[in-house]
Amino acid sequence: MSAHDDTRKLVVLAVDDEPRGLDELVHCLRNSPHVAKVFPAIDASEALRLLSTDDPRLRDRKERGLPIVDAVFADIDMPGLSGMEMSRVFAALRPSPALVFVTGHAEEAVNAFDLGALDYVLKPYQQDRLDRAITRVIEKLASAAAPAPGALGGEPGVKNDDEVIPVELAGTTKLIPRSSVRWVEAQGDYARLFTTEGSHLVRIPLAQLEERWEKAGFVRIHRSFLVALPLITELRMGQGGYQVVIGNEEKVLPVSRRHTRALKDRLVGSGRNG
């Protein structure tokens, strides 16, 4: 059996500073047929002690090159070291466990995904919702073990961490499919996502999105714009330089001189007439 075989059951760490909440979380996780073991921790300090000590229950995983645990289900608001701060320690582990935040505060969703959280589950815990989060952990482990796909959009049927983007709308967290994003405009340390239905502001710098979305077919055309390459229908000379036309809506965006050559190469490489 390989290290990330789909049939291998998960070893999970559950962290919540409220005893009743921790009991409910552990109960739901143990109810999943995909979970073999659940290690409870009453706060972040106890969780980090478990991961950093040579616990005999976890020694075999270290020797096999597995994450110390497959996933961490952690509350965000805890006294002392918060779930957000704790997640930065987990991210530094190699290999690192999948991170799922569990909390009663929906407004923290954007911060959670910025820190690389795989999912975000609201309290009170619901078995079916935690089961979906566990499924995402299994999918992530399977995709990490699979060969890197050669196509821009990735291997069909395999999701990645950026397939959906959490945005906040009047206190409600909405998940926007990346496939619906047509172009992105930089707005300081934020980015505005333009979709078929409107626009959404997210707290992610454009440079970071450029790096994360390159393999999904997004290309930088200007210091202020990132565009879905398949949606470019025309590259033309306009006043002051080149411009691109996006889709059927005749949206025109500027192309900076420094990005023109790379854009032409990408368009030609995609089988388009640049």
Side-chain angles (χ1 to χ4, degrees), residues 109-118 143-144 146-170 172-274:
V110 173
N111 290 335
F113 283 101
D114 281 349
L115 289 172
L118 185 63
S143 63
L152 279 177
E155 183 179 349
V158 176
K159 297 182 179 181
N160 59 46
D161 294 349
D162 287 332
E163 193 172 73
V164 294
I165 307 95
V167 299
E168 291 201 41
L169 301 170
T172 299
T173 301
K174 183 177 181 181
L175 298 180
I176 305 299
R178 182 178 58 194
S179 59
S180 71
V181 177
R182 306 175 74 78
W183 75 90
V184 186
E185 181 177 357
Q187 295 188 357
D189 291 334
Y190 290 72
R192 183 167 292 280
L193 312 177
F194 289 85
T195 71
T196 53
E197 298 179 351
S199 68
H200 310 279
L201 192 66
V202 294
R203 192 164 59 188
I204 306 174
L206 191 68
Q208 190 176 123
L209 278 182
E210 177 187 8
E211 180 181 350
R212 287 162 53 174
W213 289 9
E214 180 182 5
K215 292 184 178 180
F218 282 78
V219 60
R220 188 76 168 262
I221 63 168
H222 187 276
R223 62 184 175 86
S224 297
F225 294 103
L226 187 68
V227 175
L229 186 68
L231 298 182
I232 296 177
T233 57
E234 187 178 339
L235 173 64
R236 67 191 184 194
M237 178 63 72
Q239 292 184 348
Y242 277 98
Q243 302 170 330
V244 293
V245 179
I246 308 298
N248 297 324
E249 68 228 27
E250 294 295 316
K251 176 65 181 180
V252 178
L253 297 175
V255 180
S256 65
R257 183 177 301 177
R258 62 174 295 209
H259 291 99
T260 298
R261 173 50 56 192
L263 176 61
K264 286 183 177 180
D265 291 343
R266 290 286 297 273
L267 289 171
V268 172
S270 298
R272 296 177 180 271
N273 183 0

Exercise for review: Decide side chain to side chain contact (heavy atoms under 4.5 Å, CB included) for Arg236 and Val252; before the verdict, give the C-alpha distance in whole Å, the side-chain angles of both, and the deciding distance to 0.1 Å.
Suggested key: CA-CA 10 Å; Arg236 67 191 184 194; Val252 178; 3.2 Å; yes

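The shortest non-hydrogen separation linking Gly217 to Pro230 is O-CD, 3.7 Å. In terms of heavy-atom proximity, Ala207 sits nearest to Arg220 at CA-NH1, 4.0 Å.
In this structure, Glu211 has no side chain to side chain donor-acceptor pair (under 3.5 Å) partners at least two apart in sequence or on a different chain. By the side chain to side chain donor-acceptor pair (under 3.5 Å) test, Ser180 pairs with no residue at all, sequence neighbours left out. With sequence neighbours excluded, the residues satisfying side chain to side chain contact (heavy atoms under 4.5 Å, CB included) with Arg192 are Gln187, Phe194, Ser199, Leu201.
Residues Phe225 and Val244 form no side-chain contact, since every pair of their non-hydrogen atoms from C-beta on lies 4.5 Å or further apart. Using a 4.5 Å heavy-atom cutoff, the side chains of Leu263 and Val227 are not in contact. Taking 4.5 Å as the limit, every side-chain heavy atom of His259 sits out of range of all side-chain heavy atoms of Val219. Contact check for Leu253 versus Trp183: side-chain heavy atoms found under the 4.5 Å cut-off. Val181 places a side-chain heavy atom less than 4.5 Å from the side chain of Trp213.
To the nearest 0.5 Å, atoms CG (Asp189) and CG (Leu206) are separated by 11.5 Å. The distance from atom CZ of Arg266 to atom CG of Leu235, rounded to the nearest 0.5 Å, is 13.5 Å. Rounding to the nearest 0.5 angstrom, the gap separating the CD atom in Gln208 from the CG atom in Leu226 is 12.0 Å. Rounding to the nearest 0.5 Å gives a distance of 9.0 Å between CD of Glu234 and CD of Gln243.
Here the side chain of Arg261 pairs no donor or acceptor atom with the backbone of Lys264 at under 3.5 angstrom.
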